[in-house]
Amino acid sequence: MGSENVKLPKIDFSDEDLKPGTLVWNQVKSQVNKALIEYGCFEASFDKISVHLRQSIFESLQELFDLPLQTKLKNISKKPFHGYVGQYPAVPLYESMGIDDANILEKAEKFTQILWPQGNPTFCKTIQSYSEQLLELDQTIRRMIVESLGVEKYMDEHMNSTNYLLRVMKYKGPQSSETKIGLNAHTDKNIVTILYQNQVNGLEVLTKDGQWINVEPAPDTFIVMIGDSLYAWANGRVHSPYHRVMMKGNEARYSVGLFSIPKAGYKIKAPQELIDEDHPLLFNPFDHVEFLAFYYTEEGQRCVSALKTYCGA
Ligand SMILES: O=C(O)CCC(=O)C(=O)O
Ligand SMILES: [Fe+2]
């Protein structure tokens with residue numbers, strides 16, 4: 001059960017002067033560092049995404065999930081969890097779809113074309129602008145993390161090592177006051193995840209001391225979470241938390257995640273500056289795409305930490 005009394009830290013990214021080197025940058029950076037060591041997660045207010053866009057994104061999600069199943073199944077991907085996912089007996093409330101490189105107009109158009117051959121410019125523009133604008137928050141946070149780790153010499157390499165995936169999600173209301181599983185507990189496998197949801201709560205995050213926190217974001221805040229690939233790159237200096245979705249009541253929950261994901265062929269390797277006697281190397285260098293292939297095998301699904309089994313040092 002979620003715990004009532006603990007709240008995730010809330011950090012404000014709306015200051016106009018939030019540029020590297022400014023006083024406010026350093027203040028926010030130290031809040032980010034503290035939150036990521038303690039929770040691997042925080043609530044972010046970020047006002048670059050207009051109120052209009054924040055509303056349109058949920059209209060677009062609803063329009064997409066209202067399409068006939070036949071149409072939704074047309075979104076196929078070779079990468080697990082990037083195509084259409086739904087109708088799984090283990091998580092019957094859950095449906096999702098991934099849009100690779102949704103920040104790039106041609107990619108957003110290609111995706112839109114698959115579902116609406118006759119075109120849907122509003123949908124296309126909404127997901128593209130949302131991704132392009134929110135990516136700024138991902139990059140700000142990652143710059144701050146690299147600075148806090150004191151490994152600025154890897155800044156460009158790190159910033160250029162990822163692509164973006166936008167995943168849209170719907171959780172049906174279970175039509176009961178009893179809590180039902182929406183999405184099983186997991187850690188994200190990517191670099192940074194930024195989640196945004198409609199007004200139906202359900203996300204829970206596990207603290208280091210084993211309590212599930214109910215995440216109750218305000219309408220204008222995003223949830224930022226660290227994935228296992230960044231945990232590995234930082235050699236354990238930031239936490240990647242377990243989280244899950246628990247649903248009750250009648251209302252559907254819509255959420256959307258922007259995931260920064262290591263590019264195929266890029267080897268994730270902790271900088272040597274982050275390895276010492278007190279911090280021995282945790283993971284051998286690995287390729288994220290190859291790791292995911294292992295994660296989605298039966299063995300990978302059974303492990304407590306798939307990454308440790310795959311490439312633990
Ligand atoms: O819907 C949510 O808020 C969480 C989704 C999630 O954890 C994921 O897609 O990895
Ligand atoms: Fe997740």
Side-chain angles (χ1 to χ4, degrees), residues 32-42 79-82 98 138-139 141-165 167 184-195 205-210 224-244 257-313:
V32 167
N33 191 42
K34 189 164 176 278
L36 294 185
I37 291 170
E38 191 160 346
Y39 297 100
C41 188
F42 58 83
K79 300 178 196 157
F81 262 76
H82 285 224
D138 168 273
Q139 297 194 348
I141 292 163
R142 285 164 57 195
R143 282 188 179 281
M144 289 177 171
I145 295 171
V146 172
E147 284 186 16
S148 295
L149 294 170
V151 290
E152 286 90 335
K153 77 183 224 217
Y154 302 93
M155 183 71 85
D156 291 345
E157 178 190 326
H158 171 71
M159 297 308 291
N160 293 325
S161 67
T162 55
N163 290 326
Y164 291 93
L165 166 76
R167 184 151 66 218
N184 289 313
H186 64 281
T187 55
D188 286 354
K189 303 294 174 260
N190 55 309
I191 296 287
V192 170
T193 303
I194 306 181
L195 294 165
V205 174
L206 190 64
T207 62
K208 283 183 168 176
D209 56 15
V224 176
M225 201 179 284
I226 299 304
D228 288 346
S229 291
L230 188 55
Y231 169 73
W233 189 75
N235 201 28
R237 280 175 172 78
V238 288
H239 179 59
S240 60
Y242 270 90
H243 54 284
R244 66 184 183 191
L258 182 72
F259 296 76
S260 46
I261 300 188
K263 290 177 182 164
Y266 177 75
K267 278 259 183 292
I268 299 160
K269 181 173 180 281
Q272 70 213 36
E273 291 81 352
L274 299 180
I275 305 163
D276 57 36
E277 231 169 85
D278 294 332
H279 304 88
L281 180 68
L282 294 178
F283 302 97
N284 291 309
F286 67 99
D287 178 305
H288 180 258
V289 174
E290 289 168 15
F291 161 59
L292 275 193
F294 167 76
Y295 176 60
Y296 287 109
T297 61
E298 220 178 288
E299 187 194 353
Q301 291 291 299
R302 258 188 286 122
C303 312
V304 178
S305 167
L307 192 59
K308 214 166 165 184
T309 307
Y310 182 70
C311 63

Check whether any side-chain heavy atom of [X] sits under 4.5 Å from a side-chain heavy atom of [Y], and report yes or no.
| X | Y | answer |
| --- | --- | --- |
| Ile226 | Val192 | yes |
| Ser305 | Tyr310 | no |
| Asn190 | Leu165 | no |
| Ile191 | Ser229 | yes |
| Leu230 | Ser240 | no |
| Met225 | Cys41 | yes |
| Cys303 | Tyr295 | no |
| Glu152 | Glu147 | yes |

With no hydrogens and no angle check, just 3.5 Å: does a side-chain donor-acceptor pair link His186 and Asp188?
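Looking only at side-chain atoms, Asp188 and His186 do form a donor-acceptor pair, the distance falling under 3.5 Å.
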
Atom pair [atom1] ([X]) and [atom2] ([Y]), whose distance is rounded to the nearest 0.5 Å:
| X | Y | atom1 | atom2 | result |
| --- | --- | --- | --- | --- |
| Ser161 | Arg142 | OG | CZ | 5.5 Å |
| Gln301 | Thr297 | CD | OG1 | 7.5 Å |
| Asn33 | Glu38 | CG | CD | 11.5 Å |
| Leu195 | His243 | CG | NE2 | 6.5 Å |
| Arg244 | Asn184 | CZ | CG | 9.5 Å |
| Leu307 | Leu292 | CG | CG | 10.0 Å |

Only one of Thr162, Asp138, Asn163 passes side-chain hydrogen bond (donor to acceptor under 3.5 Å, both in side chains) with Ser260; say which it is.
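Among Thr162, Asp138, Asn163, the one that satisfies the side-chain hydrogen bond (donor to acceptor under 3.5 Å, both in side chains) with Ser260 is Asp138.
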
Let me see the working for Lys267 and Phe286 under side-chain contact (heavy atoms from CB on, under 4.5 Å), right down to the final yes or no.
CA-CA 5 Å; Lys267 278 259 183 292; Phe286 67 99; 5.9 Å; no

Side chain of Asn235, backbone of Leu282: donor and acceptor closer than 3.5 Å?
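Side chain of Asn235 to backbone of Leu282, a donor-acceptor pair under 3.5 Å: yes, one is there.
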
Closest heavy-atom contact between [X] and [Y]?
| X | Y | value |
| --- | --- | --- |
| Ala270 | Ala232 | CB-O, 3.8 Å |
| Asn284 | Ala313 | ND2-CA, 3.7 Å |
| Arg167 | Phe259 | NH2-CZ, 3.4 Å |
| Ile268 | His288 | CD1-CB, 4.0 Å |

Take atom NZ of Lys308 as the centre, draw a 6.0 Å sphere, and report whether it contains more than 12 heavy atoms from other residues, nucleotides or ligands.
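Check fails, neighbour count at 12 or below.
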
Whether over 12 other heavy atoms sit under 6.0 Å from Lys208 NZ
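Count over threshold, so yes.
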
Consider side chain to side chain contact (heavy atoms under 4.5 Å, CB included). Of Val151, Val146, Leu149, which one does His158 pass it with?
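By the side chain to side chain contact (heavy atoms under 4.5 Å, CB included) criterion, His158 pairs with just one of Val151, Val146, Leu149: Val146.
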
Going through the checks in order, is the side-chain contact (heavy atoms from CB on, under 4.5 Å) test met by Tyr266 and Asn160?
CA-CA 10 Å; Tyr266 177 75; Asn160 293 325; over 6 Å; no

If you draw the axis of the six-membered ring of Phe291, does the NZ or CZ of Lys189 fall within 45° of it and under 6.0 Å from the ring centre?
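Verdict for Phe291: no cation-pi partner in Lys189.
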
In sequence, state the C-alpha distance, the side-chain angles, and the governing distance for Leu274 and Tyr154, and then conclude on side-chain contact (heavy atoms from CB on, under 4.5 Å).
CA-CA 12 Å; Leu274 299 180; Tyr154 302 93; over 6 Å; no

Partner residues of Phe283 under the ring-ring contact (aromatic ring centres under 6.0 Å, His included) criterion, sequence neighbours left out:
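Phe283 satisfies ring-ring contact (aromatic ring centres under 6.0 Å, His included) with Tyr231 only.
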
